[in-house]
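Below is one structure; the comments refer to it alone.
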Amino acid sequence: MKTVFALVDCNNFYASCEKLFRPDLRDTPVIVLSNNDGCVVARSREAKALGIKMGVPVHHIRSEIRLHGIQLFSSNYTLYGDLSRRVMTTLEALAPRVDVYSIDEAFLDLTGVERAVSLESFGRQVKDTVVQDTGLPVCVGIAPTRTLAKLANYAAKKYRATEGVVDLTDIGRQRRLMALVPVEEVWGVGRKLSTKLQGMGITNALELADADPSTLRKQFSVVLERTIRELNGIGCIPWEDVPQPKKQIMCSRSFGSPLKALSDLEEAVAQFATRATEKLRKGEQYAGALMVFFRTNSFRTDLPQYSNSASVKLITSTQDSRAIVQQVLSLLRPMYRNGYDYAKAGVMLSDLVNATTIQDDLFASASPGEGDRAVRLMSVIDEINRKSRTKVRSARQAGPSAYAMRREHLSPAYTTNWTQLPSVT
DNA sequence: TCTGGGGTCCTAGGACCC
DNA sequence: TCTGGGGTCCTAGGACCC
């Protein structure tokens, strides 16, 4: 049976989430900002039409914001995460297999669907059901491979006549569309690669599809070879039946205002280490290595710059916040230099393993039972932190206000906090 | 004044071994 | 002038994704 994928992708996801609870903004241009209200990370249809670009620093577009009355929102990941779950739940009821690819998109397995109903009408059903259940608009691209489904979704978004659904299972249709799509729009072809490809005369998706895969593999990499095959309808990215465990966990932030003192940086990285370890325990994993980094603001070329990072392999894999915080701090201290404005820092946990593959430290001095006690302590802390507003934390972690993120345009937690439910008046 | 955060995969090149 | 060869493992960094 022919494999068929659908890619369902929410339209302007973060901006749509914000508009969902603000019907008064229905036709108003809306943009959502990154952490610290730094860059534009999402734009409503109206904001795109005004030429607001993805990723621009918000202070570069102050005049457009004033001129057009663009509404700003600080990113509200609690809200987006909750609405994302609702969308995915709806999709899981519609298709036998759903692969959640990111917060706002998922691949559906539509293999065999065609025997019951046309793919296009199934796509419309998906789109209508999601908007009915969640209020969020989506587009649906249908094709024999993931890369072509991405392309179909691109067309569904770009061409209004499609009404948000494109069935790209027909080869003639694939080729006609590919001839219209610039090569940089192909999934897996980024800025660097598209510049090089254009230099070779490959400017659209069709020219890439018709290029020789093994030649381009030698010149670039196996990734591009796979992309070419996928454009030709040969699937190279199969279904994963078991979700793959994470391989690394990152926690990093830019600071709302720069930090100078070692003690401030210590507080920050201790907090990142703690949060990263919480994620680790949530996935029931143990870290075998960790890395800490920090840096000044590289955009401030007028200021002295310094950045550094260090990593260490742990003798015993752990999920104990105290051990990880202690390691992170002992890496940080010798790298610290006085006299700089530090703008960002982070902690990365890697070499992640699950409990059954964990290897004990032959030379560990801990008495029997020590490990169990640590595990119990951590799970009690996690439980308290889940339930309570006042967090339990180690003495090293910063209090909530030490270097608070700028979030001047934050919307309420409409769906996850009883006190912030939307009200109808 | 002000420029995000969190991931994955692949490759090249060095270290080491016989 | 000529400077072994080939395998494995690991790491850092690049490129991509959303």
Side-chain angles (χ1 to χ4, degrees), chain A residues 7-14 31-42 53-63 65 72-77 80-81 84 99-107 146-147 150 153-154 183-197 217-227 236-237 240 243-258 272 275-276 279-280 283 288-289 291 293 295-303 309-313 341 343-352 405-409:
Chain A
L7 176 63
V8 181
D9 190 321
C10 299
N11 304 349
N12 319 319
F13 183 56
Y14 299 166
I31 60 181
V32 179
L33 308 178
S34 62
N35 282 343
N36 281 315
D37 293 345
C39 299
V40 174
V41 293
K53 296 275 180 266
M54 186 72 171
V56 293
V58 67
H59 66 271
H60 285 180
I61 55 168
R62 286 290 177 205
S63 59
I65 291 168
L72 306 188
F73 287 92
S74 302
S75 37
N76 184 345
Y77 287 102
Y80 312 150
S84 172
D99 185 355
V100 176
Y101 178 68
S102 75
I103 193 165
D104 72 332
E105 61 191 302
F107 289 100
R146 291 178 199 246
T147 305
K150 275 270 187 186
N153 196 285
Y154 167 86
V183 71
E184 65 267 23
E185 298 293 344
V186 174
W187 192 37
V189 178
R191 269 231 325 271
K192 299 270 179 179
L193 210 47
S194 63
T195 309
K196 286 179 188 160
L197 291 171
R217 176 184 181 147
K218 284 190 201 99
Q219 206 161 346
F220 297 98
S221 80
V222 65
V223 183
L224 188 61
E225 180 191 19
R226 280 203 284 260
T227 298
C236 302
I237 314 163
E240 299 278 2
Q244 296 301 297
K246 279 192 191 179
K247 302 190 170 166
Q248 55 177 235
I249 290 172
M250 262 282 260
C251 188
S252 71
R253 285 287 177 284
S254 299
F255 307 128
S257 50
F272 301 152
R275 267 209 294 262
K279 294 187 204 173
L280 191 66
M291 190 269 281
F293 74 90
R295 67 158 175 261
T296 50
N297 183 347
S298 56
F299 294 100
R300 292 294 302 271
T301 47
D302 54 322
L303 294 178
S309 72
S311 56
V312 66
K313 281 205 188 293
D341 282 355
K344 180 173 180 170
V347 168
M348 188 172 86
L349 306 180
S350 55
D351 291 14
L352 306 189
M405 206 158 58
R406 264 192 309 277
R407 298 177 91 180
E408 287 170 17
H409 310 279

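Proteins get letters first, then strands, A, B, ... in listed order; numbering begins at 1 in each. If you're wondering where the values come from, they're calculated on a predicted model, not measured in any experiment. Hydrogens, waters and symmetry mates are skipped; everything else that's a heavy atom, side chains included, is used.
- Below 30°, between 30° and 60°, or above 60°: for Tyr77(A) and Tyr14(A) the angle between ring planes is above 60°, a perpendicular geometry.
- Across all strands shown, Arg217(A) has no heavy atoms under 4.0 Å from either base or sugar-phosphate atoms.
- Heavy-atom nearest nucleotides on DNA chain B were determined for Val56(A) and for Lys246(A), and the one closer to the 5' end corresponds to Val56(A).
- Taking the charged nitrogens against the carboxylate oxygens, Lys218(A) and Glu225(A) have no contact shorter than 4.0 Å, which rules out a salt bridge.
- Minimum interatomic distance between Leu7(A) and Ala106(A) (heavy atoms only, all atoms of both residues): CD1-O, 3.4 Å.
- In 5' to 3' order, the nucleotides of DNA chain C bounding all contacts with chain A (an atom under 4.0 Å from a heavy atom) are dT11(C) to dC18(C).
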Per-residue pairing states of DNA chain B in dot-bracket (Watson-Crick or G-U under 3.5 Å; . unpaired, | other strand) read ....||||||||||||||
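- Side-chain contact between Phe293(A) and Ser252(A) is present, with heavy atoms from C-beta onward closer than 4.5 Å.
- Val186(A) comes within 4.0 angstrom of sugar-phosphate atoms only, judged by non-hydrogen atoms across all strands, and of no base.
- No contact: Lys196(A) has no heavy atom under 4.0 Å from any strand.
- Mapping Arg406(A) and Arg226(A) onto DNA chain B via the closest heavy atom, the residue that lands nearer the 5' end is Arg406(A).
- Residue contacts shown for Ile249(A) are limited to sugar-phosphate atoms, with no base heavy atom under 4.0 Å away.
- Backbone-only engagement by Val189(A) is indicated by non-hydrogen atom pairs under 4.0 Å involving sugar-phosphate atoms exclusively.
- Under 4.0 Å is where a charged nitrogen must lie from a carboxylate oxygen, and between Asp341(A) and Arg300(A) no such pair does.
- Atom NZ of Lys279(A) sits in a crowded spot, with more than 12 heavy atoms from other residues, nucleotides or ligands closer than 6.0 Å.
- Taking each heavy atom of Ser74(A) and Asp37(A) in turn, the nearest pair found is OG-OD1, 2.7 Å.
- At the heavy-atom level, Asp37(A) lies nowhere under 4.0 Å from the strands shown.
- In this model, no donor atom of one side chain and acceptor atom of the other lie less than 3.5 Å apart for Asn36(A) and Ser254(A).
- Look at Lys313(A) and Asp351(A) and you find a salt bridge, because one of the NZ, NE, NH1 or NH2 atoms lies within 4.0 Å of a carboxylate O, short of that distance.
- Heavy atoms of Leu193(A) sit under 4.0 angstrom from primed sugar atoms or phosphate atoms, though from no base atom.
- Glu105(A) comes within 4.0 angstrom of sugar-phosphate atoms only, judged by non-hydrogen atoms across all strands, and of no base.
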